[in-house]
Amino acid sequence: MNKISVIVPCYNEEESLPMFYEETARVLRGIKGAEYEFVFVDDGSSDSTLNIIKNLAREDEHVKYIVFSRNFGKEAGMYAGLFEASGDYCVIMDADLQHPPALLPHMYQAVNEEGFDCCGGLRMGREGDSKIRGLFSRAFYKISKSLTHMEMSDGHGDFRMMNRKVVNAILDMKEYNRYMKGLFSFVGFDTKWIEYESVERAAGKTKWSIKSLFSYAFEGILSFSTMPLKAAGLAGVLLFIGGMIFMIYNLVRSIWAADAVTDFDIIMFVVLMVSSMQMLFIYILGAYMSKDYLENKKRPIYIVKERG
Ligand code: UDP
Ligand code: MG
């Protein structure tokens, strides 16, 4: 009999976790010919999330859990959950019911009967998100798609059921700076998409601030593209050509007309432009170097404090 592992990274989800468990367990019990397990990953919660998980584990033998020693982030939680999961198929779900459990039977059918390696939920609309977040998100995916040439979009999230081949391919990538959407796209495999309407969080608050979303977006681009590094070269060439044209223009002007060649404001403007470009690209270089620096330390992606 096949086994489905449901991986749930949880960070301060005391309000939505009981609802999530009830609803998801009910759907899983209804899937014919498959058993299931829950792998809850407590990502350093400071509320009663861990107590709730422990109670569920006491009452239900389908529930496994691991507890991180501190908050390592959702990426680490997903990796840990996939690593601990024993199922033939694994699905990653948010604890806030924004990933509808009702999709699970369809996903299972796609990977088990229709020959797909992976089946993902494709979110339509952005019901649970603010307008500004939706706007930035769409802009980010446009930019990152053109930079990385990888299939990523706003609606393609982490809610995917995958077979062992995909799970193992993801686990084989042990990089410290993780960006799951990029990793999914990188490993490839046949993926079916099932659309679902976005819904508000069942309870609690989102763990993402605008700042953390920006750094996550930047992480995504740095992890999968070296284009920003090359852009430094392009900007250099453009600045050089611009400088040459500017100089020639001034020379011609000083020959034909008697008006002044130098203008303090223009020079200041050019100096400011050039130095700001330099600062920007030094920053980008530094960002890549720091990624490499952390990668080379071969630090663990997560640290387990307890398991059950
Ligand atoms: N999460 C986590 N660690 C974190 C942040 C979030 O494990 O540091 C979990 C969270 O508990 C939830 C999922 O990741 O199950 C998605 O988080 P959230 O709903 O805050 O993100 P959003 O849906 O707003 O993108
Ligand atoms: Mg959510």
Side-chain angles (χ1 to χ4, degrees), residues 5-24 38-53 56 63-85 90-101 103 120-138 140-141 152-160 176-181 184 196-217 219-220 301-306:
S5 298
V6 179
I7 291 139
V8 196
C10 306
Y11 180 50
N12 294 342
E13 295 287 1
E14 61 180 8
E15 286 171 84
S16 45
L17 206 51
M19 265 183 284
F20 167 82
Y21 167 78
E22 284 299 324
E23 181 78 13
T24 311
F38 282 98
V39 183
F40 288 107
V41 183
D42 177 45
D43 185 14
S45 298
S46 54
D47 65 359
S48 61
T49 297
L50 181 56
N51 278 339
I52 296 171
I53 294 174
L56 292 176
V63 174
K64 291 207 292 202
Y65 64 89
I66 51 174
V67 187
F68 284 175
S69 58
R70 62 167 169 84
N71 179 246
F72 277 86
K74 187 185 174 190
E75 288 289 328
M78 292 189 281
Y79 184 88
L82 287 175
F83 189 79
E84 300 288 329
C90 294
V91 57
I92 300 171
M93 294 179 83
D94 285 359
D96 57 9
L97 284 172
Q98 282 190 309
H99 294 160
L103 252 61
L122 180 61
R123 190 193 54 204
M124 311 304 282
R126 288 196 139 258
E127 206 49 57
D129 287 336
S130 64
K131 283 225 164 45
I132 181 114
R133 184 170 161 181
L135 204 79
F136 277 123
S137 186
R138 272 190 298 278
F140 162 68
Y141 285 111
M152 284 188 265
S153 93
D154 195 18
H156 299 107
D158 304 316
F159 181 30
R160 312 183 189 212
Y176 178 77
N177 297 289
R178 303 186 73 79
Y179 181 67
M180 197 62 125
K181 281 188 202 183
F184 274 127
Y196 69 94
E197 284 304 320
S198 72
V199 286
E200 303 254 2
R201 225 176 198 284
K205 284 202 296 282
T206 177
K207 310 299 177 304
W208 295 94
S209 60
I210 287 286
K211 186 167 162 268
S212 65
L213 278 170
F214 263 111
S215 73
Y216 188 61
E219 175 78 50
I301 298 166
Y302 61 94
I303 296 166
V304 176
K305 185 168 76 174
E306 192 184 336

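Start at 1 and go down the list; that is how both ligands and their atoms are numbered.
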Taken in chain and number order and not counting sequence neighbours, the residues that satisfy ring-ring contact (aromatic ring centres under 6.0 Å, His included) with Phe83 are none
Between the Mg ion (ligand 2) and Gln98, is there an N, O or S atom separated by less than 2.8 Å?
-> yes
*Give a yes/no verdict on whether any heavy atom in Met93 is under 4.0 Å from an atom of ligand 1.*
no
Q.
Tell me whether Gly77 reaches ligand 1 (any heavy atom closer than 4.0 angstrom to a ligand atom).
A. no
*If you measure every N/O of Ala95 against every N/O of ligand 1, is any gap under 3.5 Å?*
yes
Checking heavy atoms under 4.0 Å, the part of Cys10 that sits near ligand 1 is backbone
- prompt: Where does the angle between the aromatic ring planes of Phe20 and Phe40 fall among parallel (under 30°), tilted (30 to 60°) and perpendicular (over 60°)?
  reply: perpendicular
So the atoms of ligand 1 within less than 4.0 Å of a heavy atom of Glu13 turn out to be 10 (C), 11 (O), 12 (C), 15 (O)
For Asp96, the atoms of ligand 1 under 4.0 Å from one of its heavy atoms are 19 (O), 23 (O)
At under 4.0 Å between heavy atoms, what of Asp43 touches ligand 1? The answer is side chain
Note: Asn71, heavy atoms under 4.0 Å from ligand 1, region reported as side chain
Side chain of Glu14, backbone of Thr49: donor and acceptor closer than 3.5 Å? no
Any side-chain heavy atom of Asp94 within less than 4.5 Å of one from Lys74?
yes
> N/O of Lys205 under 3.5 Å from N/O of ligand 1, yes or no?
Replying inline: no
Residue set satisfying ring-ring contact (aromatic ring centres under 6.0 Å, His included) with Phe68, at least two apart, ordered chain then number -> Phe72, Tyr302
Checking distances from the Mg ion (ligand 2), one finds that the N, O or S atom of Asp96 closest to it is OD2
Should the pair Arg201-Glu13 be classified as a salt bridge under the 4.0 Å nitrogen-to-oxygen rule? yes
Closer than 2.8 Å to the Mg ion (ligand 2), do we get an N, O or S atom from Asp94, backbone or side chain?
-> no
- Mark yes or no for whether Ser69, through its side chain, and Val304, through its backbone, hold a donor-acceptor pair below 3.5 Å. no
d(Met19 CE, Leu97 CG) to nearest 0.5 Å is 6.5 Å
Per-atom filter on ligand 1: closer than 4.0 angstrom to a heavy atom of Arg201 are 18 (P), 19 (O), 20 (O)
Checklist entry - Can you find a heavy atom in the side chain of Leu82 that is under 4.5 Å from one in the side chain of Cys90? => result yes
